[in-house]
Amino acid sequence: MSQNTLYDKVWEKHKVAELPNGQDQLFIGLHLVHEVTSPQAFAMIEERDMEIAYPERTFATTDHIAPTEADKRERPLTDQQSEEMLSALERNTAENGITFFGFESGKQGITHVVAPELGLSQPGMTVACGDSHTATHGAFGSIGVGVGTSQIRDILATGCIAADKQKVRRIEVEGSLGEGVSAKDIILKIIQDLGVDGGVGHVYEYGGPAIRELDMEGRLAVCNMSIEGGARAGYINPDETTYDYLRGREYVPEGEAFEELKSYWESVRSDEDAEYDDVVTVNVADIDPLVTWGINPGQVVEVSQPVPAPEDFEARSDREAAEQALEHMDLEAGQSMLGYDVDVAFLGTCTNGRVTDFRRATEVLEGRQVADGVRALAVPGSETVRQRCEEEGLDEVFIDAGFQWRRAGCSMCLAMNEDSLEGDEVCASSSNRNFIGRQGSKDGRTVLMSPAMVAAAAVEGEVTDCRRFFEDSAHSLTADDVSEVAD
Amino acid sequence: MGDDDQHITEVGGTGVPIPGDDVDTDQILPAKFMKEVTFDNMADYLFYDARRDDDGEFNDHPLNRFEGANIAVVNQNFGCGSSREHAPQAMMRWGIDGVVGESYAEIFRDNCKSLGIPAVTADHETVTTLQEWIEANPDGDIEIDVEDATVTYGDRAVDVEITDAMQEALVEGIWDTTALMYSNMSKVERTVADLPYV
Ligand code: SF4
């Protein structure tokens, strides 16, 4: 049993009661709502003739179905079902006094991008959303949990969820990242090491030098993919990086109130002598950028490594999954991902749709062109991100390079709007899931990677080592290097 | 308030094996079908892509072969991926009353509990034996006893595991957590009063 970790402290602080079924009733300090998973929950509340318990702790926006082409955002939306979902959300939030960041607000975007940048997500909170990537908010040192629709109903009605406390695994991330390697590579490496179900029954506490060095946006990317590793949540202890980021944001108080909050934030940090259920170490000092080669986020290699063979895996389930992956991706074991042809480049999502991600991509794209035949989409995670990027002139770099510069939304991450893969297209994607069918086509193929790697793939029309486009390209590998190694 | 008296001590019926590890919610209920504002039609979309061949005809997916089944038998890490309750909702509306599997993703299991669907676990051997048995006995009855944590089929009874929270919730009929937690509202207020950020 863990003790005196941030998770323990925040849990205790929010625990209302022990329920007769043995679970804890946990108060949720920030409830984020979007159009897809909430309408059924609001309907249940209405059916029971109940009221929303904490409307002022509830914030909504629209992301999954949001059209990302400016002229498609006119109302009513062309897609009737999308229009219905959006109007339902507008109605539900208006009737219940819930703040809604719609298209007109200038703040619309993916819940997990919007809440952090507005300062809604803060250390020491419990955050819930009807979306599995709620772990993202753990980057501030909060407990972020994804919930289903019945639990959304619970939160709307009572402000609480019924939850089982998880074990806490400390992941000590050692080493310093090399040039061209990013937070996305850290989390892909962790999932590679621990597996897609390695975190089941756990929350992950990420720490160590490599995590301390990350800026907030990098930390958000790491925590975002906790669920891909099977963990119910993931978090990072708050520190000066966290407080500096929060200072001055719209929903963060100033002056004395800030200092008061800060002492609370400090108090929930895991103690020096905190006890964890287990501790693992991952070293990222020498890693190359990583890319997935398969159909789950654990099927990942450093871009220089050959794709493994099914027989390389010990567990029967991993062998079967590898066979299925090779077939779906049309890959041979031993082949490298370098040189794997790409039809679509997709930059955005709640993992990598923030300003620094777009900056990173433009470092590669500046003065270069997207390869012929590649469809390239840059989709800011929020309208705030879009405006920031435009102020910096990043949009022009994208447009000049041949990218489409879009409005905010989830877009091709799961293709609930009109952005979708066609047939068996291959997508170099900065998103978090490469499941079969995820990007809208059941034969579509997704290769997950960092923003810089997506930009590099767009330029080359194939998976390539982004480091060749950076000043210090000593480490970058080409397909030829690797085939030499393989020979 | 909802029905407080919904004790679920056992569920049963014929079975359907859904083999494979890491079956994610994008397969169980593809995102393109999440655009409806109610769960009413979700049964039609269950494993939509996997159940059809390229020209849209039903293939030999187990859900097509074992129409009318009540107990799904699955392997490791079933229901991983997104938090969409649409997935267990679709299973429930298709007719699934209980699941036997090697392991589940946490959110999926929570969602099952919220819907009153027992999701029990057993080791690989036990699960695959049961899957094979269903293939050989498509009309055979399978019974999940939630109280005793056993699964009975043919002339066999096997022990399975069920989390305490799920067992309590189902057997005591208190899986309607809204009602349960609503009765604690004064305690909620006390907890909130003590939070520096509210
Ligand atoms: S960007 Fe993708 S993963 Fe993130 S909330 Fe949207 S659909 Fe989910």
Side-chain angles (χ1 to χ4, degrees), chain A residues 13-17 19-23 25 27 29 36-37 39-40 43 48 53 57 65 81-82 84-85 88 122 124-125 130-132 146-151 153-154 157-160 162 164 196-197 200-201 230 232 260-261 264 296 317 320-321 414-416 433 435-438 440 442, chain B residues 1-2 20-22 24-27 30-32 34-39 49-50 75-77 80-86 88-89 103-108 110-111 114-115 124 163-169 172 174-175 177-178 180-182 184-185 187-188 190-192 194-198:
Chain A
K13 200 83 192 150
H14 291 78
K15 180 172 160 178
V16 172
L19 296 170
N21 66 10
Q23 290 186 297
Q25 177 168 352
F27 179 72
V36 179
T37 50
Q40 304 84 357
R48 295 181 179 208
R57 305 297 317 156
I65 55 99
Q81 284 179 313
S82 299
E84 237 174 87
M85 297 191 112
Q122 296 171 11
M125 278 186 175
D131 189 284
S132 55
V147 293
T149 297
S150 297
Q151 287 174 301
R153 174 196 66 198
D154 287 350
T158 69
C160 300
D164 296 300
V196 283
D197 56 1
V200 171
R232 190 66 204 260
E260 257 169 53
L261 269 182
Y264 168 61
N296 73 50
S317 55
E320 285 170 11
L414 92 169
M416 277 189 78
R433 287 195 175 136
F435 298 148
I436 292 178
R438 173 74 178 181
K442 72 181 171 68
Chain B
M1 302 300 297
D21 292 332
D22 306 313
D24 57 75
T25 51
D26 282 87
Q27 290 177 55
K32 60 188 171 210
M34 287 166 60
K35 282 190 171 175
E36 297 182 11
V37 292
T38 71
F39 289 132
D49 291 333
N75 300 96
Q76 280 175 37
N77 199 25
C80 62
S82 94
S83 63
R84 65 189 68 150
E85 189 170 305
H86 301 66
Q89 281 276 0
S103 63
Y104 307 96
E106 307 277 343
I107 302 183
F108 180 84
D110 275 3
N111 282 335
S114 307
L115 297 177
H124 177 66
T163 61
D164 293 347
M166 181 178 271
Q167 190 174 40
E168 285 261 356
E172 302 298 325
I174 45 174
W175 43 278
T177 40
T178 304
L180 199 58
M181 294 197 291
Y182 194 71
N184 285 335
M185 280 317 277
K187 284 190 197 156
V188 176
R190 282 203 294 280
T191 306
V192 173
D194 198 33
L195 288 172
Y197 65 84
V198 180

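All chains are named by letter (A, B, ...) in the order of the sequence lines, taking the proteins before the strands, and each is independently numbered beginning at 1. Computed from a predicted model, the values in this text were never measured in an experiment.
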Between B/N184 and A/V16, the two heavy atoms sitting closest are O-CG1, 4.3 Å
On a heavy-atom basis, the closest approach of A/P20 and B/E168 is O-OE1, 3.1 Å
* Apply the test side-chain contact (heavy atoms from CB on, under 4.5 Å) to residues A/D131 and B/R84: give CA-CA distance (whole Å), side-chain angles for both, the deciding distance (0.1 Å), then the verdict. => CA-CA 7 Å; A/D131 189 284; B/R84 65 189 68 150; over 6 Å; no
Can a donor-acceptor pair be found, under 3.5 Å and without considering hydrogens, that links the side chain of [X] to the backbone of [Y]?
X	Y	result
B/Q27	A/I436	no
B/D26	A/F435	no
B/K35	A/M85	no
A/R57	B/V198	no
B/E85	A/S150	yes

Check: Are A/L414 and B/K32 close enough, and set up right, to give a side-chain contact (heavy atoms from CB on, under 4.5 Å), and what steps lead you there?
Finding: CA-CA 8 Å; A/L414 92 169; B/K32 60 188 171 210; over 6 Å; no
Look up atom [atom1] in [X] and atom [atom2] in [Y], then write down how far apart they are to the nearest 0.5 Å.
X	Y	atom1	atom2	value
A/L19	B/I174	CG	CD1	8.0 Å
B/E36	A/Q40	CD	CD	9.5 Å
B/N111	A/T149	CG	OG1	7.5 Å
B/M166	A/D164	CE	CG	10.0 Å
B/Y182	A/D154	OH	CG	13.0 Å

Could you tell me which portion of [X] (side chain, backbone, both or neither) has an atom closer than 4.5 angstrom to a non-hydrogen atom of chain A?
X	result
B/Q76	side chain
B/F108	neither
B/M181	both
B/A169	both
B/T38	backbone

Please determine, among [options], the option with the most heavy-atom pairs under 4.5 Å with chain B.
options	value
A/G437, A/G29, A/A321, A/A88	A/G29
A/R153, A/Q122, A/R232	A/R232
A/I65, A/N296, A/V147	A/V147
A/G159, A/G440, A/G22, A/G146	A/G146
A/Q151, A/E84, A/R433	A/R433

How about [X] and [Y]: do any of their side-chain heavy atoms sit closer than 4.5 Å?
X	Y	answer
B/L195	A/M125	no
B/P196	A/K13	yes
A/S132	B/I107	yes
A/S317	B/D22	no

Heavy-atom pair count under 4.5 Å with chain A, highest-scoring of [options]:
options	result
B/L115, B/D49, B/T25	B/D49
B/G81, B/C80, B/P30	B/G81
B/N75, B/V192, B/D164	B/V192

- prompt: So A/V200 and B/S103, side-chain contact (heavy atoms from CB on, under 4.5 Å) or not? Walk me through it.
  reply: CA-CA 9 Å; A/V200 171; B/S103 63; over 6 Å; no
Under 4.5 Å from any heavy atom of chain B - which part of [X]:
X	result
A/A157	both
A/A162	both
A/L261	side chain

#### Entry: Stepwise side-chain contact (heavy atoms from CB on, under 4.5 Å) test for B/T191 and A/Q25
CA-CA 11 Å; B/T191 306; A/Q25 177 168 352; over 6 Å; no
